[in-house]
S.K.: 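The structure's right below; bear with me while I get my questions together.
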Amino acid sequence: MESILVLTHADENGGQLSKGSLEAVTVGRDLAARLGTKLTIGIVSGNSKDLAPCLASTEARLLSVAGEEFAQPRYASDAAACEAICRAAQPTIVVASHSSRFARVMAAVAHRAHGCIETHVMAIGAADKIDATRWFYRQRMKAVVTRESRPWFLLLDAGTHAVFSGEVAPVQVEEIAVEPPAFRTNVLGNRTPEQCEILTATSSKGSSQAYGTIRPDAKLLFVAGAGWTKKQPDGKVHSGEAGELILQFLHASGASLGSSKSLVDQGSEGSPVLTFLTHLNQVGQTGSTPRHAKGLATCCHGEEPHVVGWRFITERRAISIDPNCGWTRGKADVVYVADAFQVMERLNSLLETQVPEETR
Ligand SMILES: Cc1cc2nc3c(=O)[nH]c(=O)nc-3n(C[C@H](O)[C@H](O)[C@H](O)COP(=O)(O)OP(=O)(O)OC[C@H]3O[C@@H](n4cnc5c(N)ncnc54)[C@H](O)[C@@H]3O)c2cc1C
């Protein structure tokens, strides 16, 4: 008989469970129901009393390792906490979010529990056997995996399941006392990436609000291609104007900012660059594979190594001056064959005057 443990952690502010953790709760709850088995949920946090009531309707056994030492993400404390919860629950299946916090420790926890682990899991089936659908090789190959050995740890990719939400009510939480291990790392706090500051500082709106350029929760992904810094029909480069148009759009729309590889590579080749872009913004085969509902590519050719990073973007649009670009060859839903400088200028003025901020 299988027994299911969902491991969860608090979000960055410590006030609630992280979004990925709540997705894992959805999966663990469904799996336990399908198998007709018991569900246990473990919480690693500074204070589980505030976090646990949102799990009341799961009717799960709730275990917690809490305290100041367990509030911050840190390998030694997170691994010790997860290990203690696993020893108390004795699960055969462990489901957790593939967050940076848990991805860092869960292979070690699986090892300590004499189990095995699957990462980048997107679905868990429970027909004859439990199986995990997962990605390999930077999300280029998908496989369905079954294993006999237990406990089996399954780390779920973010955004693959609904976030659990249920009635908030008083619950009983079993606190597990864990002697904090010797720490070599002391977490002093969070530092916001510099690129957010640049984005704020150069905003023509003069807004004091800092925008992260990579915003997984944004409705729209805006991708800048190398064309923004190439010679334009007047024979000149307009990278300064390009940067201003892009930043204006990001502030007005709240979009997440992606880039082609060519554009972020240009800095190291001495070509004109958009200073707020780094390789962290790169989308594609050797970049990221974001999951936004909509994407708008601008001044980008739409070559396969770039577009492969768009596989989870539901609606794709592109603005390219080249009627034969890759987007027009079936890779986008809508292509505007037009000068992106002109289109973005018009779009920015429409956003400025016509679209209320709350609907963007
Ligand atoms: C192994 C390997 C891995 C790779 N991985 C990645 C990856 O992860 N991500 C990635 O992006 N690339 C990757 N590449 C590179 C990829 O093949 C392309 O070279 C790259 O995506 C091209 O970037 P681009 O479209 O921005 O630039 P370009 O090919 O230079 O295209 C610029 C486009 O802008 C258009 N343009 C110019 N001015 C305007 C204007 N005013 N208005 C509208 N359009 C305009 C031009 O017509 C042109 O189509 C990889 C390549 C290899 C070999």
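Numbering of ligands and ligand atoms starts at 1, following listing order.
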S.K.: Side chains of Gln282 and Thr286: is there a donor and an acceptor less than 3.5 Å apart?
M.R.: yes
S.K.: Within a radius of less than 6.0 Å around CG of Asp234, do more than 12 heavy atoms belonging to other residues, nucleotides or ligands occur?
M.R.: yes
S.K.: Can you pull the residues with any heavy atom under 4.0 Å from ligand 1?
M.R.: Gly225, Ala226, Gly227, Lys230, Gln232, Ser260, Lys261, Ser262, Gln282, Val283, Gly284, Gln285, Thr286, Gly287, Cys299, Cys300, His301, Glu303, Pro305, His306, Ile319, Ser320, Ile321, Asp322, Ala338, Asp339, Ala340, Phe341
S.K.: Check whether the side chains of Ser3 and Gln90 place a donor and an acceptor atom closer than 3.5 Å, and report yes or no.
M.R.: no
S.K.: Would you say the side chains of Ser64 and Ser48 form a donor-acceptor pair under 3.5 Å?
M.R.: yes
S.K.: Going by the angle between their ring planes, with limits at 30° and 60°, are His238 and Phe341 parallel, tilted or perpendicular?
M.R.: perpendicular
S.K.: Can you name the side-chain contact (heavy atoms from CB on, under 4.5 Å) partners of Ala60, sequence neighbours left out?
M.R.: Leu39, Ile41, Thr58, Leu62
